[in-house]
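Order of appearance sets the numbers: ligands from 1, and atoms from 1 within every ligand.
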Amino acid sequence: MPRNMSPTSPVLPWKVRILLACLTVGLYLVQRRNGTVNRPLVKLAHLKIPARNKPRKGVKTKDITIDATRNLWFRLFIPTNIPSNVVLPVIIFFHGGGFAFLSPDFKYYDRVCRRIASNTPVVIVSVNYRLSPEHRFPSQYDDGFDTLKFLDETKIDYFPANTDLSRCFLAGDSAGGNLAHHVACRAGEMEFRRLRVIGQISIQPFLGGEERTESEIRLEKGILVTLKRTDWMWKAFLSEGENRDHEAANVTGPRAVEISKVKYPETMVVVGGFDPLQDRQREFYEWLKRSGKEVKLLEYPNVIHAFYLFRKVPEASQFMEEIKEFVHNVSAKFTK
Ligand SMILES: *[C@@H]1O[C@H](CO)[C@@H](O)[C@H](O)[C@H]1NC(C)=O
Ligand SMILES: *[C@@H]1O[C@H](CO)[C@@H](O)[C@H](O)[C@H]1NC(C)=O
Ligand SMILES: *[C@@H]1O[C@H](CO)[C@@H](O)[C@H](O)[C@H]1NC(C)=O
């Protein structure tokens with residue numbers, strides 16, 4: 001292949017390929033045509049890891065309930081072996097899964113949060129928000145925002161003494177990236193007592209719109225993300241009768257929040273060259289820039305959607321270092 005030509009399909013380790021094939025079959029089986037999810041079947045296949053107080057890879061975990069009536073809880077990731085004079089920022093993390101699937105105790109999310117927590121180091125709050133279609137827009141955003149309020153108002157004994165809530169980052173991938181953005185907008189209009197959102201890590205956010213973009217058409221039969229599947233996800237998430245130009249999906253469209261007047265955290269947008277959603281994510285980046293926000297674009301030309309969940313993908317390790325740098329850079333701008 002000539003050097004200046006980009007490959008037409010991503011280079012992936014065979015173990016990752018097998019895993020992706022299993023996930024694809026799994027999704028095919030649980031996403032019903034009538035817009036519902038086969039939850040009993042999801043339960044059977046769900047690879048869950050319990051919280052463990054005994055540190056593993058330098059991190060211990062604990063599940064904390066916010067509101068049992070709506071099953072709102074988070075998994076706390078605490079790096080151990082950190083000198084007590086080192087200040088720990090907090091990352092409030094929203095997992096992906098098209099608003100309809102997965103949870104903080106899903107094996108791959110548990111693993112990636114552990115990795116980020118020890119490598120950066122930071123305390124991570126990984127949120128278990130409600131899922132669609134049983135719970136539609138704006139339940140997920142409400143749960144995200146209520147988590148911030150809970151952290152602001154509640155004394156949580158499990159937080160190490162050197163945790164700094166005035167250096168909070170919102171982070172999320174895919175639907176979680178969408179969620180982080182909307183929570184950031186709400187947080188911008190709110191004065192917290194202790195908590196302060198200073199940064200956002202927007203990892204391949206799930207964004208939509210009625211009009212198809214060039215990358216969506218070119219990568220239509222993509223890995224994990226296909227038009228058929230994303231259309232299904234939006235339908236399950238948005239209220240009955242809504243379309244994808246809703247402000248939740250088309251965040252840069254005419255119905256979008258007027259963001260230039262909202263306090264918005266410094267942001268890093270992460271884009272993959274084999275992700276059908278990439279055009280929308282670059283548009284999101286441009287829109288933030290036009291709105292006068294501090295934003296940086298991080299491009300990985302050879303990666304698929306959700307690449308960073310797979311340790312065997314080399315860019316996943318590079319990305320861990322970028323998160324570390326971003327958190328350090330932004331944290332340094334804020335003193336207590
Ligand atoms: C969707 O299909 C499933 C399985 O066929 C059925 O149990 C469920 O009641 C249907 N739901 C709706 C809203 O049509
Ligand atoms: C967002 O909405 C506007 C107005 O409906 C539309 O012109 C634009 O194409 C949409 N953006 C995307 C990416 O679909
Ligand atoms: C962190 O700051 C350095 C120095 O200003 C800059 O070169 C680097 O790109 C920044 N990294 C990130 C991930 O923001």
Side-chain angles (χ1 to χ4, degrees), residues 25-45 86-93 98-101 112 115-122 124 130-137 139 167-173 177 180-181 184 196-205 228-229 231-242 264-273 281-282 284-286 288-289 292-301 303 307-308 313-335:
V25 172
L27 274 172
Y28 175 77
L29 294 173
V30 298
Q31 274 182 299
R32 292 195 186 113
R33 244 175 249 189
N34 68 7
T36 63
V37 173
N38 188 337
R39 294 283 173 212
L41 194 56
V42 171
K43 227 176 186 161
L44 278 181
V86 173
V87 169
L88 292 172
V90 177
I91 291 182
I92 300 165
F93 180 85
F99 300 111
F101 297 103
V112 84
R115 209 174 170 193
I116 296 168
S118 69
N119 190 59
T120 309
V122 287
I124 298 189
R130 283 169 291 176
L131 301 176
S132 56
E134 292 87 344
H135 305 277
R136 291 170 186 265
F137 166 88
S139 316
R167 291 178 199 169
C168 264
F169 291 75
L170 299 177
D173 70 316
H181 163 67
R196 181 171 56 183
V197 178
I198 62 168
Q200 177 181 221
I201 304 165
S202 184
I203 309 163
Q204 306 183 297
K228 198 173 160 199
R229 194 166 292 138
D231 285 357
W232 185 99
M233 302 282 192
W234 287 122
K235 211 158 176 252
F237 173 62
L238 297 171
S239 332
E240 218 82 57
E242 267 298 347
Y264 195 86
E266 182 168 343
T267 297
M268 173 162 81
V269 180
V270 185
V271 173
Q281 293 156 355
R282 288 194 198 94
F284 176 54
Y285 159 77
E286 295 293 342
L288 287 176
K289 218 166 52 168
K293 306 305 174 194
E294 280 283 339
V295 57
K296 156 191 174 115
L297 184 67
L298 181 60
E299 295 248 13
Y300 290 112
V303 306
F307 74 98
Y308 83 112
V313 174
E315 284 89 343
S317 302
Q318 292 170 25
F319 181 46
M320 291 301 124
E321 293 309 304
E322 291 282 346
I323 292 179
K324 179 177 182 170
E325 227 180 84
F326 182 74
V327 169
H328 285 213
N329 281 4
V330 178
S331 293
K333 297 179 189 173
F334 291 84
T335 46

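- A donor-acceptor pair is defined here as one N or O able to donate and one able to accept, closer than 3.5 Å; such a pair exists between the side chain of Arg136 and the backbone of Ala236.
- Contact check for Pro40 versus Asn38: side-chain heavy atoms found under the 4.5 Å cut-off.
- Relative orientation of the Phe319 and Tyr300 rings is perpendicular, given thresholds of 30° and 60° on the angle between their planes.
- Atom CZ in Phe284 sits 5.0 Å away from atom NE2 in His181 (nearest 0.5 Å).
- Those atoms of ligand 1 that come under 4.0 Å of a heavy atom in Arg32, given as number and element, are 2 (O), 3 (C), 4 (C).
- Without hydrogens or angle criteria, Thr36 side chain to Arg32 main chain gives no donor-acceptor distance under 3.5 Å.
- Side chain to side chain, Tyr264 and Gln200 meet the donor-acceptor criterion of an N or O pair below 3.5 Å.
- With rounding to the nearest 0.5 Å, the separation of CZ in Phe307 from CD in Gln318 is 8.5 Å.
- Near ligand 3, Lys296, Glu322, Glu325, Phe326, Asn329 each place a heavy atom less than 4.0 angstrom from the ligand.
- Remark: ligand 1 and Thr36 share no N or O pair separated by less than 3.5 Å (distance only, no angle test).
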